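The structure appears below as structure tokens.
Since we're looking at a predicted model, the values are computed, not measured.
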Amino acid sequence: MADNKDYFEGILQLRNVDDEVIDFVVKEIEKTEDIQIAKVKKVTNGYDIYVSRQRFLRSLGNKLQGKFGGQLIISKKLHTRSRMTGRELFRVNALFRMPNFKKGDIIKYKGDEIKVIALHKKVLAKDVKTGKKLNLSFKDIFR
């Protein structure tokens, strides 16, 4: 099964990423022996990388978010049922989206200007006028 070069268990969807993120992903894949890439597709504002192990995919998604900050959405979809065991087999998608802003930028949020203080699993920001700190999810900002 793993010998099939078209076989994949999941897709790493990279959006709005720079070369540093792509280099990081390539290095992580290269240093893991049992990971194969079935294919890489260039899509609007990013890449889809089809990988052979979903556990690796989940781990890589978490590493990306920890290192670069950004939105990580992991979802799974029923792919098939094992003929031998009857177990359901899922394919996993890990969407990693970098925001189009970085630490120190001033952006608009709900009509107000906020300054980005930090990017992790959430966006830590401060209202420019009031000085009030905000802890925002990427979902709120990407709308």
Side-chain angles (χ1 to χ4, degrees), residues 1-82 85 87-143:
M1 151 170 98
D3 292 341
N4 181 350
K5 66 179 178 56
D6 295 330
Y7 174 80
F8 68 98
E9 290 183 1
I11 306 170
L12 176 62
Q13 300 170 305
L14 299 172
R15 301 295 181 266
N16 301 333
V17 295
D18 56 17
D19 290 343
E20 186 183 359
V21 173
I22 292 167
D23 290 345
F24 178 80
V25 169
V26 168
K27 282 188 180 102
E28 287 295 312
I29 291 170
E30 284 175 348
K31 75 181 189 188
T32 309
E33 286 179 19
D34 65 339
I35 299 300
Q36 275 84 41
I37 295 177
K39 65 182 169 183
V40 177
K41 262 172 59 179
K42 175 95 174 90
V43 295
T44 307
N45 70 4
Y47 298 91
D48 286 351
I49 302 171
Y50 294 72
V51 296
S52 59
R53 295 277 171 259
Q54 59 175 274
R55 183 174 283 147
F56 170 79
L57 187 61
R58 291 170 188 265
S59 159
L60 181 57
N62 290 328
K63 284 180 185 175
L64 281 166
Q65 189 175 46
K67 184 169 173 66
F68 298 102
Q71 183 180 35
L72 177 65
I73 300 173
I74 297 198
S75 57
K76 67 181 184 177
K77 185 176 177 185
L78 182 61
H79 173 59
T80 188
R81 189 177 289 273
S82 169
T85 64
R87 286 181 45 211
E88 294 178 331
L89 300 173
F90 292 88
R91 286 219 164 129
V92 170
N93 284 358
L95 168 65
F96 179 71
R97 184 184 298 149
M98 289 291 294
N100 51 3
F101 53 84
K102 58 190 182 309
K103 182 178 168 183
D105 285 359
I106 293 177
I107 60 171
K108 285 254 189 237
Y109 174 70
K110 293 187 176 176
D112 296 326
E113 287 190 338
I114 60 172
K115 181 172 185 170
V116 178
I117 298 169
L119 296 169
H120 299 291
K121 286 186 177 179
K122 292 187 172 246
V123 178
L124 188 62
K126 189 162 92 176
D127 189 302
V128 173
K129 274 192 210 125
T130 65
K132 183 179 166 205
K133 287 199 171 158
L134 303 165
N135 198 1
L136 308 168
S137 74
F138 283 96
K139 198 166 55 181
D140 297 335
I141 295 175
F142 282 128
R143 283 197 181 135

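For Asn16 (side chain) and Met98 (main-chain N/O), a donor-acceptor pair under 3.5 Å exists by modelled atom type. Using a distance-only test at 3.5 Å, with no hydrogens or angles considered, a donor-acceptor pair links the side chain of Asp105 to the main chain of Lys102. Side chain of Asp18 to main chain of Val21: a donor-acceptor pair is present (N/O by atom type, distance under 3.5 Å, no hydrogens or angles). Arg15 contributes a side-chain N or O that, together with a main-chain N or O of Tyr47, makes up a donor-acceptor pair within less than 3.5 Å. Here the side chain of Gln13 pairs no donor or acceptor atom with the backbone of Asp48 at under 3.5 angstrom.
Nearest heavy atoms, Leu57 versus Ala94: CG-CB, 4.0 Å.
In this structure, CD in Gln65 is found 11.0 Å from NZ in Lys122, a value given to the nearest 0.5 Å. Once rounded to the nearest 0.5 Å, the distance linking CZ of Arg53 with CD1 of Ile29 reads 13.5 Å. Atom CZ in Arg58 sits 13.0 Å away from atom CG in Leu60 (nearest 0.5 Å). Between Lys103 atom NZ and Lys115 atom NZ the span is 10.0 Å, to the nearest 0.5 Å. Going from atom CD1 of Ile74 over to atom CD of Gln54 covers 10.0 Å, rounded to the nearest 0.5 Å. For the atom pair Asp127 CG and Tyr109 OH, the distance stands at 11.0 Å (nearest 0.5 Å).
Looking at Ile49 and Val51, their side chains come closer than 4.5 Å, going by heavy atoms from C-beta outward. Inter-residue side-chain proximity for Val123 and Pro99 is flagged as unmet; no heavy-atom pair is nearer than 4.5 Å. Counting only heavy atoms from C-beta outward, the side chains of Leu64 and Leu72 never approach each other to under 4.5 Å. In this structure, the side chains of Ile114 and Leu136 come closer than 4.5 Å at one or more pairs of heavy atoms.
Residues meeting the salt bridge (charged side-chain N to carboxylate O under 4.0 Å, His left out) test with Asp112, sequence neighbours left out: none. By the ring pair (Phe, Tyr, Trp, His ring centres under 6.0 Å) test, Tyr50 pairs with Phe8, sequence neighbours left out.
Few gaps surround NZ on Lys42; more than 12 heavy atoms of other groups in view lie less than 6.0 Å from it.
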(request) Could you go through the side-chain contact (heavy atoms from CB on, under 4.5 Å) check for Phe56 and Glu9 one step at a time? (result) CA-CA 10 Å; Phe56 170 79; Glu9 290 183 1; over 6 Å; no

(message) Using the rule given for side-chain contact (heavy atoms from CB on, under 4.5 Å), can you reason through Leu12 versus Leu14, listing the C-alpha separation, both sets of side-chain angles and the distance that settles it, and then say yes or no?
(response) CA-CA 6 Å; Leu12 176 62; Leu14 299 172; 3.9 Å; yes

